[in-house]
**Student:** 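Following this message is one structure expressed as structure tokens.
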Amino acid sequence: MRVSRLLLVTLRDDPAEAEIASHKLLIRAGYIRRVASGIYAYLPLLWRVLQKISAIVREEMDGSGALETLLPQLQPAELWQRSGRWAGYTAGEGIMFHLCDRQGRELGLGPTHEEVITSLAADLLRSYRQLPVNLYQIQTKFRDEIRPRFGLMRGREFIMKDAYSFHGSEECLRQTYAAMDGVYRRIFQRCGLRVVAVEADSGAIGGSASQEFMVTAEAGEDLILTSSDGLYAANQERAVSLAPPAVPLPGGMRLSGAGEPLATPDATTIEQLAAGHGFDPTQVVKVLLLLARFEDGLRQAVVISLRGDQQLNEVKLVNALTARLGAAHGTLLSIEPLSTDLARELRQKEGIEIDPAALPLGYLGPDLEEGALVDRRGLAEPAQGMARGSGARLATTVLRLTDATAAALTAFVCGANRPGHHRVGVSWEGLGLTPDVVDLRACQAGDRCLHDPSQTLSAVRGIEVGHIFQLGRKYAEALEARYTSESGQEETLWMGCYGIGVSRLAQAAIEQNHDNAGLNWPVAIAPFEAIVVSASAQDPQQVSLAESAYDRLRQAGIDALLDDRDERAGVKFKDADLIGIPWRLVVGRGAARGEVEVVFRADGHRRDLPLDQALEVLISAITASRSGLGDSA
RNA sequence: CGGGAUGUAGCGCAGCUUGGUAGCGCACUUCGUUCGGGACGAAGGGGCCGCAGGUUCGAAUCCUGUCAUCCCGACCA
């Protein structure tokens, strides 16, 4: 390809819309253009990169025995209603674009394809003899992200490789899951990425085991915690660890664990309480009052007890609530602090009366009375003027969950459930409570590891480029995907699913491979492997030598670009660096002697060589590094 | 959705406080000189000043509304 024909439009200034390096460079170097928020045109250069990544993904997936397919993006609501995900994905903060066709039928634009593939599996898979199968596709996905960000990093339309495997047993699923783990590591290695595999939360997709593949980069949206011995790595959402030991409360229990009252005006936070009254935060039980909203209208007050120095991990909380109430009440739509504002909103929009004045916010204790937080009237009567038919109703009991760090305290300080007062020397028995213990704390860098308390966790930021799940039978059950086993029994299929964000991966590669001059693609996914630049477009000798170098590179099967523009050498060099072509062959002053210069973009290393030798060097270096495997230059 | 910011030529920005009919750099076109790290000179082209309404003799500028984009939080490949 000739640069003059490439529609190469590069910019000198950083675009105002971009924040992180990779996003700025994608725009500046002419790889993408924004069409709307979170929606981008992939320009010819980027499309070549995406094709190369896709080719690697295909080779590795095909090599593992997976079958490529292409599934519809337009999906009937009915399919999603059967899996129980329609409401969660469309209502409220749902991320599925959905629409009605001319007959008034509801359709969704696929954010993922579990439903479609599972219903197909139910159709096609009948016998254990057909198992296992692994189907994948590389396709555009649509997600109405709450906040699209950072260019291709979090787009509303993006390219994803998703694979779904079906099995006759959990054991077989585990084998494929393990195989995909290996396939993924190879794919990322071939793409030239430094990736960490971490234990992950399975989120809205569901299922049991799941692992994310994180490109380590400062711009990453996730926090990864890893042990120094390399044996443990997890997403913070999921991570487990040992909290620092608590400082024992002097004097222990008081008044048989009922606690001694302490006047604490203006001490509504742990910091104020600790600073004002000489307590260590680990001696305090912090109580959070939250309200969970479920799909069926249930509004559940939740009282969380945490040790004062600990932070709530919301993902763990959502999982705990879903595990306890999801089956009976549907998707958990939201969980938020029960503030005065929320109480007002509840009264106005849902006809639910919670008197904020009755809530001693800032002075809550784990034994907070249910009083105002539950529905004591039986079925709630809709108040006049509120949203009709919302069906919102308050639960009849309060759910109390206690993190293990708080449950382990034998004598602690906590709020007295009346403004301006705490209690000192409280015990769980003294409160008449048996803690319902759940792991709810957010792990931090510096925490000790569970597998070896002498190891500590450290934190790195990461960009999630892949995620593999053992889904189990959740979707197969919902969509009645069964097969006949060897013994003639009808059995539900076991499922796994495996995703790679292809377009995100391209940008993550830039985040890891760039410098002040521009991009610096790994050879395996570079849009072109080499660029031939003649220093002067006026010098016929240089031009013809450049042409012949370009032809010979192409004949040798190299993806070569020829900068044939009548620009000054500096402009062409700057552009070559900016768009990040790994190898540059400069035809300049030495042209008269048949000499050219070979430049390696990554380290700027250059050498003058006769053309024949230069081509040889280039061709062997490129063919050696093309696979992305091994220790190429 | 809540909090913050910004919309002026393809890109980056000034002008707005104090209303008087739009400017700078880059990019683009033509000519000349230059030619190994984003050249120089000359001459050009390009703007419903996000949109709608209002105030005013007069609005990029003041007021109201609205839309869009970006950043911080909840979502995820």
Side-chain angles (χ1 to χ4, degrees), chain A residues 9-20 23-24 27-28 30 33-39 57 88-89 92-96 111-112 138-163 184 200-205 212-215 221-222 235 237 314-315 318 333-337 339 341-342 345 463-469 497-508 517-518 533-539 542 566-578 584 586-591 597 599 604 606:
Chain A
V9 180
T10 58
L11 306 174
R12 288 197 191 196
D13 298 312
D14 281 335
E17 72 188 57
E19 192 75 6
I20 63 174
H23 186 194
K24 289 178 184 169
I27 298 170
R28 272 193 62 203
R33 280 294 159 101
R34 192 182 66 79
V35 173
S37 178
I39 301 175
V57 169
Y89 268 70
E93 307 261 279
I95 57 159
M96 183 152 61
T112 177
I138 296 175
Q139 196 207 41
T140 296
K141 293 276 190 281
F142 298 90
R143 291 185 188 169
D144 193 359
E145 291 287 344
I146 297 163
R147 181 146 98 89
R149 244 195 292 212
F150 303 145
L152 306 181
M153 222 59 120
R154 180 173 298 283
R156 296 196 292 169
E157 182 179 323
F158 60 97
I159 298 176
M160 177 170 162
K161 188 283 308 184
D162 49 330
Y184 271 41
D201 180 73
S202 48
I205 307 287
E212 289 167 334
F213 295 85
M214 296 287 193
V215 170
E221 296 182 274
D222 288 279
N235 193 313
E237 295 173 349
E314 272 199 45
V315 173
V318 166
L333 299 178
S334 72
I335 170 97
E336 52 193 313
S339 61
D341 285 349
L342 179 61
E345 186 191 323
I463 301 164
E464 181 188 356
V465 290
H467 199 158
I468 59 178
F469 304 78
C497 87
Y498 319 92
I500 290 180
V502 172
S503 43
R504 177 185 282 182
L505 188 156
Q507 186 169 344
V533 179
S534 54
S536 167
Q538 316 291 297
D539 180 342
Q542 287 187 20
D566 184 10
E567 289 285 353
R568 297 164 62 88
V571 172
K572 293 191 268 196
F573 294 158
K574 289 280 187 196
D575 273 343
D577 287 346
L578 179 60
R584 189 169 84 215
V586 183
V587 181
R589 298 195 196 91
E597 183 185 54
V599 187
R606 53 186 70 189

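Order of the sequence lines sets the chain letters (A, B, ...), proteins ahead of strands, with each chain counted from 1.
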**Student:** Side chain of K574(A) only, please: which of C13(B), A77(B), G38(B) is the nearest?
**Tutor:**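 The nucleotide sitting nearest to the side chain is G38(B).
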**Student:** Tell me the partner of A60(B), counting only Watson-Crick (N1-N3 plus N6-O4 or O6-N4) or G-U wobble (N1-O2 and O6-N3) with both under 3.5 Å; none if nothing fits.
**Tutor:**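 Its partner: none found.
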**Student:** Please tell me which of the listed nucleotides, U34(B), G38(B), A74(B), lies nearest to the side chain of R568(A)?
**Tutor:**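 Taking heavy atoms from C-beta onward, the closest nucleotide is U34(B).
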**Student:** Can you see if the side chain of T112(A) gets near the phosphate of A77(B) - specifically, an N or O under 4.0 Å from OP1 or OP2?
**Tutor:**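 T112(A) to A77(B) OP1/OP2: no side-chain N or O under 4.0 Å.
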**Student:** Using atom P in both nucleotides, what's the gap between G15(B) and G54(B) to the nearest angstrom?
**Tutor:**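 Going atom to atom, P in each nucleotide, I get 29 Å.
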**Student:** Using a cut-off of 4.0 Å on non-hydrogen atoms, how would the nucleic acid contact of A569(A) be classed: base, sugar-phosphate, or nothing?
**Tutor:**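 Here A569(A) touches the backbone only, sparing every base.
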**Student:** Check whether any side-chain N or O of Q542(A) sits under 3.5 Å from a backbone N or O of S536(A) as a donor-acceptor pair, and report yes or no.
**Tutor:**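 Yes; at least one donor-acceptor contact below 3.5 Å.
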**Student:** Among the candidates G10(B), C76(B), G73(B), find the nucleotide nearest to the side-chain atoms of R33(A).
**Tutor:**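 Closest of the options to the side chain of R33(A): G10(B).
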**Student:** Who does U55(B) pair with, Watson-Crick or G-U, both distances under 3.5 Å?
**Tutor:**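 Pairing partner: none.
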**Student:** Classify the nucleic acid contact of R34(A) as base, sugar-phosphate or nothing, counting any heavy atom under 4.0 Å across all strands shown.
**Tutor:**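 Sugar-phosphate, no base atom in range.
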**Student:** Going by purine N1 to pyrimidine N3 plus the second Watson-Crick contact, or the G-U wobble pair, all under 3.5 Å, which nucleotide sits opposite C70(B)?
**Tutor:**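 By the stated definition (distances under 3.5 Å), G4(B) pairs with C70(B).
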**Student:** So if I take every side-chain heavy atom of D13(A) and compare against G12(B), C76(B), A74(B), which nucleotide ends up nearest?
**Tutor:**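 So the nucleotide nearest the side chain must be G12(B).
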**Student:** Name the closest nucleotide to the E221(A) side chain, picking from C75(B), A39(B), G12(B).
**Tutor:**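 Ranking C75(B), A39(B), G12(B) by closest atom to the E221(A) side chain puts C75(B) first.
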**Student:** Work out how far the C1' atom of G23(B) is from that of C67(B), and round it to whole angstrom.
**Tutor:**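 Per the computed distance, 27 Å lies between those C1' atoms.
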**Student:** I want to confirm an ordering. Mapping M153(A) and G590(A) to their closest nucleotides on RNA chain B, which one lands closer to the 5' end?
**Tutor:**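 Going by which nucleotide is closer to the 5' end, it is G590(A).
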**Student:** For the pair E221(A) (side chain) and R149(A) (backbone), establish whether a donor and an acceptor sit closer than 3.5 Å, ignoring hydrogens and angles.
**Tutor:**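 Judged by distance alone, no pair lies under 3.5 Å.
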**Student:** For atom C1', what is the distance between A9(B) and A14(B), given to the nearest Å?
**Tutor:**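 Comparing C1' positions in A9(B) and A14(B) gives a spacing of 14 Å.
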**Student:** OP1, OP2 of G10(B) versus side-chain N and O of R12(A): anything below 4.0 Å?
**Tutor:**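 No, because none of the side-chain N or O atoms of R12(A) sits under 4.0 Å from OP1 or OP2 of G10(B).
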**Student:** Respond yes when some side-chain nitrogen or oxygen of R28(A) is under 4.0 Å from OP1 or OP2 of C11(B), and no when none is.
**Tutor:**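 Negative; the distance criterion is not met.
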**Student:** Give a yes/no answer on whether the side chain of R149(A) brings an N or O atom under 4.0 Å of OP1 or OP2 in C72(B).
**Tutor:**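 For C72(B), OP1/OP2 do have a side-chain N/O of R149(A) under 4.0 Å.
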**Student:** Given the C1' atoms of A27(B) and G12(B), what is the spacing between them in whole Å?
**Tutor:**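 Per the computed distance, 11 Å lies between those C1' atoms.
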**Student:** Should A14(B) form a Watson-Crick or G-U wobble pair with both distances under 3.5 Å, which nucleotide is its partner?
**Tutor:**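 Result: none.
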**Student:** Between F158(A) and R143(A), is there a cation-pi geometry (under 6.0 Å to ring centre, at most 45° from the normal)?
**Tutor:**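 No, cation not above the ring by the 6.0 Å, 45° rule.
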**Student:** Ignoring hydrogens and angles, are the base of G38(B) and the side chain of E567(A) linked by a donor-acceptor pair under 3.5 Å?
**Tutor:**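 For E567(A), whose side chain was compared with the base of G38(B), there is no donor-acceptor pair (under 3.5 Å).
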**Student:** What's the closest nucleotide to the R606(A) side chain, out of C76(B), U69(B), G36(B)?
**Tutor:**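 Comparing C76(B), U69(B), G36(B) against the side chain of R606(A), the answer is G36(B).
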**Student:** Should A22(B) form a Watson-Crick or G-U wobble pair with both distances under 3.5 Å, which nucleotide is its partner?
**Tutor:**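 Paired with A22(B), as far as the under-3.5 Å criterion goes, is no nucleotide at all.
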**Student:** For V502(A) and K161(A), work out which heavy atoms get closest and say how close.
**Tutor:**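 What the structure gives for the nearest pair is CG2-N, 3.8 Å.
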**Student:** By the 4.0 Å heavy-atom rule, please label I146(A) as base, sugar-phosphate, or nothing.
**Tutor:**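 Counting heavy atoms under 4.0 Å across all strands, the contact made by I146(A) includes a base.
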**Student:** Would the base of G12(B) count as contacting D14(A) through its side chain, where contact means a donor and an acceptor less than 3.5 Å apart?
**Tutor:**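 Under the 3.5 Å cut-off, the side chain and the base do not form any donor-acceptor pair.
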**Student:** With rounding to whole Å, what would you report as the distance between C13(B) and U8(B) at their C1' atoms?
**Tutor:**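 These two C1' atoms come out 10 Å apart once rounded.
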**Student:** Among C76(B), G38(B), G36(B), which nucleotide has an atom closest to any side-chain atom of D575(A)?
**Tutor:**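 Side chain of D575(A) sits closest to G38(B).
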**Student:** Roughly, in whole Å, what's the span from CZ in F142(A) to P in A77(B)?
**Tutor:**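 Taking CZ of F142(A) and P of A77(B), I get 17 Å after rounding.
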**Student:** So how far is it from D144(A) CG to I95(A) CD1, rounded to the nearest 0.5 Å?
**Tutor:**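 The CG atom of D144(A) sits 8.5 Å away from the CD1 atom of I95(A).
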**Student:** Looking for any heavy atom pair under 4.0 Å, which part of the strands does E212(A) touch: base, sugar-phosphate only, or nothing?
**Tutor:**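 The residue E212(A) makes no contact with any strand.
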**Student:** Please pick, from G38(B), U69(B), C76(B), the nucleotide with the shortest atom-to-atom distance to any side-chain atom of L578(A).
**Tutor:**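 Out of G38(B), U69(B), C76(B), the nucleotide with an atom closest to L578(A)'s side chain is G38(B).
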**Student:** Look at the side chain of F150(A) and decide which nucleotide, out of C71(B), G36(B), A74(B), has an atom nearest to it.
**Tutor:**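 Of C71(B), G36(B), A74(B), C71(B) is nearest to the side chain of F150(A).
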**Student:** Under 4.0 Å between any heavy atoms, over every strand shown, what does V586(A) touch: base, sugar-phosphate, or nothing? Just pick one.
**Tutor:**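 Base contact - V586(A) has a heavy atom under 4.0 Å of at least one base atom.
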**Student:** Looking at C76(B), which nucleotide sits across from it as a Watson-Crick or G-U wobble partner, both distances under 3.5 angstrom, or is there none?
**Tutor:**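 With both distances under 3.5 Å required, C76(B) matches none.
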**Student:** Contact class for R156(A) (heavy atom, under 4.0 Å): base, sugar-phosphate, or nothing?
**Tutor:**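 No contact at all - R156(A) keeps every heavy atom at 4.0 Å or more from the nucleic acid.
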**Student:** Could you please name the option among C76(B), A77(B), G37(B) that lies closest to any side-chain atom of F158(A)?
**Tutor:**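 Nearest to the side-chain atoms of F158(A), counting from C-beta on, is A77(B).
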**Student:** What pair of heavy atoms forms the shortest contact from A200(A) to H467(A), and how long is it?
**Tutor:**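 In terms of heavy atoms, the two residues are closest at CB-NE2, 3.7 Å.
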**Student:** Under 4.0 Å, counting only non-hydrogen atoms across every strand here, what does G155(A) touch: a base, just sugar-phosphate, or nothing?
**Tutor:**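 Result for G155(A) = base.
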**Student:** What is the nucleic acid contact for E145(A), judged by heavy atoms within less than 4.0 Å: base, sugar-phosphate only, or nothing?
**Tutor:**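 Contact class for E145(A): base.
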**Student:** Identify the nucleotide, in any strand shown, that forms a Watson-Crick or G-U wobble pair with U34(B), with both distances under 3.5 Å; if there is none, say none.
**Tutor:**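 Paired with U34(B), as far as the under-3.5 Å criterion goes, is no nucleotide at all.
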**Student:** Under 4.0 Å between any heavy atoms, over every strand shown, what does G466(A) touch: base, sugar-phosphate, or nothing? Just pick one.
**Tutor:**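 Result for G466(A) = sugar-phosphate.
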**Student:** Is there a side-chain contact between E212(A) and D201(A) (heavy atoms, below 4.5 Å)?
**Tutor:**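 No, side chains not in contact.
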**Student:** Need one value for V571(A): base, sugar-phosphate or nothing, where a base atom within 4.0 Å counts as base even if backbone is also close, heavy atoms only.
**Tutor:**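 Answer is base: heavy atoms of V571(A) come under 4.0 Å of a base.
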**Student:** Under 5.5 Å between ring centres and under 30° between planes: true for F573(A) and the base of G36(B)?
**Tutor:**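 By the stated criterion, F573(A) and G36(B) do not stack.
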**Student:** Between G7(B) and C16(B), how far is it from one C1' atom to the other, in whole Å?
**Tutor:**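 My reading of the C1' atoms in G7(B) and C16(B) gives 13 Å.
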**Student:** Closer than 4.0 Å, any side-chain N/O of R147(A) to the OP1 or OP2 of C71(B)?
**Tutor:**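 Yes, R147(A) has a side-chain N/O under 4.0 Å of OP1/OP2 on C71(B).
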**Student:** Can you work out whether R584(A) or A18(A) has the more 5'-proximal nearest nucleotide on RNA chain B?
**Tutor:**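 Result of the comparison: R584(A).
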**Student:** Output all residues satisfying ring pair (Phe, Tyr, Trp, His ring centres under 6.0 Å) with Y498(A), sequence neighbours left out; order by chain, then residue number.
**Tutor:**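 Y498(A) satisfies ring pair (Phe, Tyr, Trp, His ring centres under 6.0 Å) with no residue once adjacent residues are dropped.
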**Student:** Work out how far the P atom of A22(B) is from that of G38(B), and round it to whole angstrom.
**Tutor:**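 The answer is 37 Å between these two P atoms.
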**Student:** Roughly how many Å apart are C35(B) and A77(B), using the C1' atom of each and rounding to a whole number?
**Tutor:**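 It comes out at 47 Å once rounded to the nearest Å.
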**Student:** Examine distances only and state if a side-chain atom of E597(A) and a backbone atom of V586(A) form a donor-acceptor pair shorter than 3.5 Å.
**Tutor:**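 No: the side chain of E597(A) does not pair with the backbone of V586(A).
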**Student:** Which nucleotide, in any strand shown, forms a Watson-Crick or G-U wobble pair with U29(B), with both distances under 3.5 Å?
**Tutor:**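 In the structure as shown, U29(B) has A43(B) as its Watson-Crick or wobble partner.
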**Student:** Please report the distance, rounded to the nearest Å, between CG in D566(A) and P in A39(B).
**Tutor:**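 Nearest whole value for this atom pair: 13 Å.
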**Student:** Any donor and acceptor pair, going by atom type alone, linking the side chain of R154(A) with main-chain N or O of P148(A) inside 3.5 Å?
**Tutor:**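 It does not hold such a pair.
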**Student:** On the side chain of R154(A), is there an atom forming a donor-acceptor pair with the base of C75(B) - under 3.5 Å, no angle test?
**Tutor:**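 By the distance-only test, yes, there is a pair.
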**Student:** What does D162(A) touch in the nucleic acid at a heavy-atom separation under 4.0 angstrom: a base, only the sugar-phosphate, or nothing?
**Tutor:**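 Answer is nothing: D162(A) stays at 4.0 Å or more from every strand.
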